[in-house]
Structures are given as structure tokens and as C-alpha cells.
Chemist: 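Quick one: the structure is below, questions incoming.
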Amino acid sequence: MEHYPILIDGRWISTEEKLEVKEKYSGKTIATVSIASEVLVEQAVAAAQTAYRTNALPPYRRYEILKRTSELVLANKQQLGRLIAQEVGKTLKEAVVEVERTAQTLEISAEEAKRIHGEGIPVESSPGAENRLAFTIRVPVGVVCAITPFNVPLNLVAHKVGPALAAGNAVVLKPASVTPLIAVKLAQLFEQAGLPPGYLNLVIGSGSSVGEQLAQDERINLYTFTGSPAVGKQLKQRTGLRKVLLELGSNSAVIVHKDADVELAAGLTVGKSFGNAGQVCISVQRIYVHQDIKERFVKAFVQRTLALRTGDPFDPATDVGPMISEKEAVRAEQWVHEALEAGATLECGGKRDGALFQPTVLSHVKEEMKVTCEELFAPVVGISEYTELDECIERINLSRYGLQAGIFTANLSTAFHAARRIHVGGLIVNDASQFRADLMPYGGVKESGWGKEGPKYAIEEMTEERIVVFNL
Ligand SMILES: NC(=O)C1=CN([C@@H]2O[C@H](COP(=O)(O)OP(=O)(O)OC[C@H]3O[C@@H](n4cnc5c(N)ncnc54)[C@H](OP(=O)(O)O)[C@@H]3O)[C@@H](O)[C@H]2O)C=CC1
Ligand SMILES: O=C(O)[C@H](O)COP(=O)(O)O
């Protein structure tokens, strides 16, 4: 069985303590991976600090390395896609798209490495400062710690490591314990692309040991975290005054207004409700349909949902693979049962077989049900109706979360009204909440987090602005 080592200061290290990684569909162990001891985690941070302090890479070199890594990712598309499909359980089709998007994220990061700049500041216009000249420069923060989740284990790593390196930082990466293999592969490609030792260090181990140790290491200047709100909050508490970027959960909403194209709305929303078995932070969870079109919409939505096939991620006919674990599928099933007991209607789905959970549509859901107010992270959607748009927006804004939302409407003023009123990081008009182009600013408000991703915006977060004033 293949063994995956960890990477510290350019050395690939195999440790005594190992973690078994399972294929999520079959449950078979597919590889083992080395767990980093406390001493090795300490060395990883030291290596990043030394690399950053002693061996500054010029922007053009960062561009070359990131661009080359992007090319290598594409050249290995099928192999990387297969590994993602195995360790996450998402379909091979979805996994290959993730690899293609990773190449994009790295390429955009490469380009942005050449565009980091400050601005001239007209201090001479202040009385008494007539003979001064000033400008700002952006400098790397230093050591960046990236902690990533299981659901998008390659592209979300690229969204952290790409901008961090582009900005001139050194990185310590800790991927999710259930999906660590693809991160090892990416680190190998960075090495192949010429990244010098110490710039990317990869440590694997549980959040409660390796994650906690990293959170308390004062040599780390910035944390970039994607994961659950509970862990995000804990990380923020542990890290004091140091900078923390948080991409957390959500229960994304979509409005289908009375003037919407119902078929278009149903078609696009189904695709974005059940992808990766609903385990996407901007996956559609709540659909608010205007009462005038509710019946038509539910019919069209359910019809399309029933056409989806659940099963083996490697079967080209499969649309929805297993969830990350049976435990998570059981949780989703319980939440669905609770909703049904509290008065929701099961339109389709609701059945579970191990970690496989059938795409499920509920109607007549209420705001206080877990399937509505908590983050579901499962292939389950709840539909409710509204009469007045403002009342619907108020209901959406009741959520603790605010990552992205969608609205289907034929009216520009309605779309603008929603864009101003819905409290989220992004509003998608005439598409569902789950739209992300890798270059756009991406991130939430409220308990969905703090700070933006998208290479240009992440680089701003991962650099410090410094003013330089000349007395001429
Ligand atoms: N806003 C966004 O862009 C996205 C948000 N998410 C959110 O991520 C969640 C699902 O991912 P999941 O992996 O289950 O999330 P978790 O929060 O459980 O884990 C995320 C990462 O944090 C680590 N971790 C766990 N505990 C600690 C700790 N005490 N200190 C430091 N690190 C720790 C985990 O390690 P280990 O695996 O070892 O436990 C893992 O690497 C959902 O809530 C989802 O919405 C997902 C994708 C995108
Ligand atoms: O954070 C996530 O879950 C994803 O980045 C957002 O969704 P997508 O990458 O699948 O578009």
C-alpha cells in the first residue's frame, strides 16, 4: 500500500505514527500517511520562518514557480482527479473540474505575483510637509499557516498556498485528516516546479493536536482557515492579536421570484443543491419561492431531482457520490426526520444507505427547523413560499450565516434591491448561490467568516501596507 510522507524544510519525512486514509465509497483503506509529531510541527514552522527571512524570492521567480505548478497540475489532471474522487467520494467528473479549477487558481496567483504594488500618497499637500514625498509598499506578512477542510481538498489548498507564495510568504499547511493525500501530491508538484525548501511545509495530524499546536505558535503571522464555524471561532480565540482569515459555513438561500424563468431556475438550482453530495459551503440549502409560481417550481425541481443517480463516484452515470462518512449521513437523516415530525413535507428522497444519501427535497419547512437554520452540508434542500419580497429577505437575513445567496428575477430593480438588502458576501442574480469563479472576491459575513479569498484579494490580506516617507 502506498505511503505518503510529510514535507519539512524540503525533506520528505516518514514517521512511525501513521494515519490510514479510506476510499469513501468502498470504505477500503487506500494509503497511509505520516503523522507529524510535536517536534516536527515545531520544525515546520521554524523552516518557514527561516525560508521567509533568509531567501526572499523575487516576484518574477514566484510567478514562474506558480505558473509551472499550474501546468503540472493540468498535466496530471486524470491522476489527481482520481485521487480526489477516492478520498472525498465526489464523482470523478466533479473531481476533474476541481483539478482544472486548481490550475486556474494557481495561474491567477502567478499573475497576481507580478502586480503587487502600493500607491503614491500626496503628503506634500499637508501644511508643513511640502518637501516630503511618500508612497506605500506591500510587504509579505511572513509565515502563513493554512488549515483546510475535506470537501474541496485541492482547490481550497491552492486558494491559500497560491496567494501566500505569490505574496512572498512561506507556508505551513495542515490539510483535513480525512483527505490529506491530494495535498501531498500538490506539495510534490510545487517541489517539481522549483519551489525552494522551507517555502511550503506540509504537516498532517488531527486538528486537536497538530491544529492546536499551530494555533499557539507565535511565530506564525497569519492563519488562513476554511472549515466549520465552531473550529473557526476556536482558532480566533487561540490566536490573540495575530491575523486570522476565516472561510466558514453557511445555509445558502435562493429566491425564485414570481417573474423568474421557472424552468431555468429549477434546472440551475438542482445542479447547485446536490453537487459533492451537498457538501459545498455555498450549496443551495434554502429555496424561497413566490407563492404564485410555487407549485410549478416544486414540480420542475422534484422532477429533475428524481433523475439524479446516486452511487459509485467512478461510474460516469453517477451524479451524487457518498457523503464524507456514514456518521455525517446519519446526522443528515436525523435532521430530515426532525423536520418531517415538525410538519415539513417530503417531496422526494430521504433514504440513506451507509454514507449514500439520496438527494432530498422538503417543502413547508420553517425557519426554526435545523434543516433551515443550521448548516446542513448534505444533499438536502428545503423549499418554502413567500408573498412579499421584503418579508422573504428578512427571513433570509435571520440566518447566523451570510456567505452567498441567489435570486432569480426578470426585473433589474428587484435584483438591485436584493443586492442591497441581503446580508451576504455575494449575491448571484439569475443563478443559484453556488457560483464561484476563482478570481472573484469570495468570503462571508456574520458567522460565515471574515476576510476575502480570490488570489488578488487574498494577497491584500496576506501582505502588510507600509508607508515610506522621504524628507527631500
Ligand atoms: N466558506 C468556505 O469557503 C468553506 C467553508 N467550509 C466549511 O467547512 C466545514 C466542513 O469541513 P470540515 O473539514 O468538516 O471542517 P472542520 O472545521 O472540522 O475542519 C477543518 C480543518 O480544521 C482542522 N481543525 C479541527 N479542529 C481544529 C483545532 N482545534 N485547531 C485547528 N485546526 C483544527 C481540521 O483538522 P482535522 O481534519 O484533523 O479535524 C481540518 O483541517 C463546513 O462547515 C463548511 O461549510 C468548507 C468549504 C468552504
Ligand atoms: O468553499 C467551497 O466549498 C468552494 O470553494 C465553493 O464552491 P465551489 O468551489 O465548489 O464553487
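Please read all numbers here as calculations on a predicted model, not as lab measurements. Remember, it's 1-based here, ligands and their atoms both numbered in the order they're listed.
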Chemist: Does V178 come within less than 4.0 angstrom of ligand 1, counting non-hydrogen atoms of the residue?
Modeler: no
Chemist: Starting from atom 23 (C) of ligand 1, locate the nearest protein heavy atom and write down its residue, its atom name and how far away it is, to 0.1 Å.
Modeler: I147 CG2, 3.7 Å
Chemist: What protein heavy atom sits nearest atom 3 (O) of ligand 2, and how far off is it?
Modeler: C281 SG, 3.1 Å
Chemist: Among the heavy atoms of N155, does any lie under 4.0 Å from an atom of ligand 2?
Modeler: no
Chemist: Going by the order shown, which atoms of ligand 1 are within less than 4.0 Å of some heavy atom of L403?
Modeler: 1 (N)
Chemist: Show the atoms of ligand 2 that are less than 4.0 angstrom away from any heavy atom in I282.
Modeler: 6 (C), 7 (O)
Chemist: Just to confirm my output: which protein heavy-atom neighbour is closest to atom 16 (P) of ligand 1, and how far is it?
Modeler: S228 OG, 3.6 Å
Chemist: Can you list the atoms of ligand 2 that are under 4.0 Å from a heavy atom of V280?
Modeler: 3 (O), 6 (C), 7 (O), 10 (O)
Chemist: What do you reckon, does R101 put a non-hydrogen atom under 4.0 Å from ligand 2?
Modeler: yes
Chemist: For ligand 1, is there an atom lying under 4.0 Å from some heavy atom of G205?
Modeler: yes
Chemist: Can you pull out the closest protein heavy atom to atom 10 (O) of ligand 2? Residue, atom name and distance to 0.1 Å, please.
Modeler: Q434 NE2, 3.6 Å
Chemist: Give the residue, atom name and distance (to 0.1 Å) of the protein heavy atom nearest atom 5 (O) of ligand 2.
Modeler: R436 NH1, 2.8 Å
Chemist: Quiz question for you: does at least one protein heavy atom lie closer than 4.0 Å to atom 19 (O) of ligand 1?
Modeler: no
Chemist: Applying a strict 4.0 Å limit to heavy atoms, is Y442 in contact with ligand 2?
Modeler: yes
Chemist: Do K24 side-chain atoms and E87 backbone N/O form a donor-acceptor pair below 3.5 Å?
Modeler: yes
Chemist: Where does T226 meet ligand 2, judged by heavy-atom distances below 4.0 Å: at the side chain, the backbone, both, or neither?
Modeler: neither
